[in-house]
Engineer: 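Mind having a look at this structure? Questions to follow.
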Protein chains: 2
Amino acid sequence: MAATPPRPLTLRDVSEASGVSEMTVSRVLRNRGDVSEATRAKVLEAAKSLGYVPNKIAGALASQRVNLVAVIIPSLRNMVFPEVMSGISAVLEDTELQPVVGVTDYMPEKEERVLYEMLSWRPSSVIIAGLEHSDASRAMLAASGIPVVEIMDTDGTPIDAMVGISHRRAGREMAQAILKAGYTNIGFLGTKMPLDHRARKRFEGFTETLAKAGVEVMDQEFYSGGSALAKGREMTQTILERTPELDFLYYSNDMIGAGGLLYCLDKGIDVPGQIGLAGFNGVELLDGLPRKLATMDAMRTEIGRKAAEIVAALVEDPDAEIDRIVELTPKVAMGETLKKR
Amino acid sequence: MAATPPRPLTLRDVSEASGVSEMTVSRVLRNRGDVSEATRAKVLEAAKSLGYVPNKIAGALASQRVNLVAVIIPSLRNMVFPEVMSGISAVLEDTELQPVVGVTDYMPEKEERVLYEMLSWRPSSVIIAGLEHSDASRAMLAASGIPVVEIMDTDGTPIDAMVGISHRRAGREMAQAILKAGYTNIGFLGTKMPLDHRARKRFEGFTETLAKAGVEVMDQEFYSGGSALAKGREMTQTILERTPELDFLYYSNDMIGAGGLLYCLDKGIDVPGQIGLAGFNGVELLDGLPRKLATMDAMRTEIGRKAAEIVAALVEDPDAEIDRIVELTPKVAMGETLKKR
DNA sequence: CTGAAAGCGCTAACAA
DNA sequence: TTGTTAGCGCTTTCAG
């Protein structure tokens, strides 16, 4: 056995090993154009035995085509985004396209860097979370000349296309459900995240609807970092001790809501009789809690699928006539922590 | 304003706009070589105003260098892997290197495809979960000529380098802790995953140590799919109804363990008096449960960090003298579901 | 069905 | 400090 060549193999190596021109080897390896069964077999055999892996960098440069879709999301640790990714992957799996993830950690400057980095690989398209971006980011996206799908949120104007839910509306609908159930002393618990625009919009929609009914949020509590479940417990304790009159707690996500629920159950508080609870997201993860938390599905997987479908269509045909604005409409899931009436 | 050029900008455009040669523009944009402050400013100005984004494909082809690290993991939906990713990102952030994720869905054939795809972009290095790969995958990795770090598991022989914990040992140590606490009627609950080698190894270590003490696993229960918390509940009910003598339940992950815990508390079972419980992973997510589950930290973030450090060192200098085998040693966290004595 | 020539956009290496 | 010349490994295009 010869020493492993330090130089990566090239088409030329396969060409020499098989006695077929580079061009024809390339054809075989890409299944393009007509090649006789005989040469085809020879080439495949040579490529395999050499362990040849094509160089996509050279291929992409020559063909001016890159089968990558840049997916830019705030975090992987928030279950929401891996679920969006599943939706995207599931759809792209049936195409030539491949998702490549970039993470921004909820920071606009990092988003800008990641975006620049990804665009410099000339992806076929971009899927990016949110509608709020720095001017530079928007400029890059607009100038890229490729399809751009902004996801998660539809409260705003997309650069090119968007798929998501209206978080304002989500907030409004939850407020309606809560008011309808007869709760009026309402507290809000959320993340200390000025940059979480979607949470902000939900809160705005929420307070707007309450205001129309003459109700104001009675108390609020925010957290950052740490285990959401534990934080949910702590915050709930804090807010209830500070404002015992509260009869409903609206959490900005299900994890802290679950923590709150566990706290209330621990304390023997009657949920939803004495206090009602609701979260947001509809995470399957929590099925199995002692009581099912009221929530609202953020339709994560569906958003991923839809976005990927748009991307696939647009990459195939940039002039495809498709809806570039897709607003999905989640419903309140009453669970068992919101009174029925 | 002129119509947006459909053709992406090239170095040449910046060169013409700034009246500086392409080569010098390239130098400025990469901060390489000496360039006078005057030309530098001119170039930067031109690049910015045009909105030029360099083409890394061409750059990589010309320089034969790609600053990407391929990270290949089974799933993003299992919290374990996003945490490993954090560790990797945190370390690579201080380097030129960039992680790119590929997901295998726990399927060897998909691993092979993903690996092939990623290697065809000629990354500087590969970080891949597990020590078990198809022959083809191993061959590709070995032939790639780049540093390969296998992570999570150290029970086996790496292709090049490995960072992880010994899952056999983890199983043995948990068994010891359980025996020491005086439990003898032990049940095992896990995932129905023939391909989860690490869970398998834990189980092997576990039974091995029990056997030495003349103890056998009394009953087992497996699941697949669905919400782990809910499944944990169901499985626990099933196994306890089938084998009421059980006095300890060892779960292959914390989520199902948490489900089991909630079930037991619901039923008024004395934990850890009547029945002891333990999981695996040490997920922070669960802090905030009514009782702290006994578990064993899989050291996910640390594994990511270490792997990234090795990669960074080896990319910098392929002959760097570093440990290529790093076994981290987690400890049993007794929590509140394992008797003390 | 197969091959030869001419780049893709950039950078290494060398010259000025 | 700046510019010129050759490719990087592949695919497009055009000939056979």
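Residue numbers start from 1 in every chain, and the chains themselves are labelled A, B, ... in the order their sequence lines are given, proteins ahead of strands.
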Engineer: Looking only at the side chain of B:Arg65 (C-beta and beyond, no hydrogens), which of the listed nucleotides C:dA12, D:dG3, D:dG9 gets closest?
Structural biologist: C:dA12

Engineer: Report yes if a side-chain nitrogen or oxygen of A:Thr10 is closer than 4.0 Å to either non-bridging phosphate oxygen (OP1 or OP2) of D:dG9; otherwise report no.
Structural biologist: no

Engineer: Find the distance A:Glu16:CD to D:dG9:P and express it as a whole number of Å.
Structural biologist: 13 Å

Engineer: Less than 4.0 angstrom between a side-chain N/O of B:Tyr52 and OP1 or OP2 of C:dG9, yes or no?
Structural biologist: no

Engineer: Atom CD of B:Gln64 to atom P of D:dA6: distance rounded to whole Å?
Structural biologist: 19 Å

Engineer: Establish, from distance only, whether the side-chain atoms of B:Ser134 and B:Arg138 form a donor-acceptor pair under 3.5 Å.
Structural biologist: no

Engineer: Between D:dT1, C:dT2, D:dG3, which one does the side chain of B:Thr39 approach most closely?
Structural biologist: D:dT1

Engineer: Specify the separation, in whole Å, of atom CG of B:Leu61 and atom P of D:dG7.
Structural biologist: 14 Å

Engineer: When you get a sec, tell me which of D:dC10, D:dT2, D:dT11 is the closest nucleotide to the side chain of A:Ala58?
Structural biologist: D:dC10

Engineer: Closest to the A:Asn55 side chain: D:dG9, C:dG9, D:dG3?
Structural biologist: D:dG9

Engineer: Roughly, in whole Å, what's the span from CG in A:Leu29 to P in D:dG9?
Structural biologist: 16 Å

Engineer: Indicate whether the side chain of B:Arg77 and that of A:Ser86 have a donor and an acceptor atom separated by less than 3.5 Å.
Structural biologist: yes

Engineer: Between the side chains of A:Lys110 and A:Asp105, is the shortest nitrogen-to-carboxylate-oxygen separation below 4.0 Å, so that they form an ion pair?
Structural biologist: yes

Engineer: To the side chain of B:Met23, which of D:dT2, C:dG3, C:dT11 is closest?
Structural biologist: C:dT11

Engineer: Determine the minimum heavy-atom distance between B:Leu131 and B:Asp153, stating which atoms define it.
Structural biologist: CD1-O, 3.4 Å

Engineer: Nearest-Å distance, CZ (A:Arg27) to C1' (D:dC14)?
Structural biologist: 11 Å

Engineer: Taking OP1 and OP2 of C:dC10, is either one under 4.0 Å from a side-chain nitrogen or oxygen of B:Ser63?
Structural biologist: no

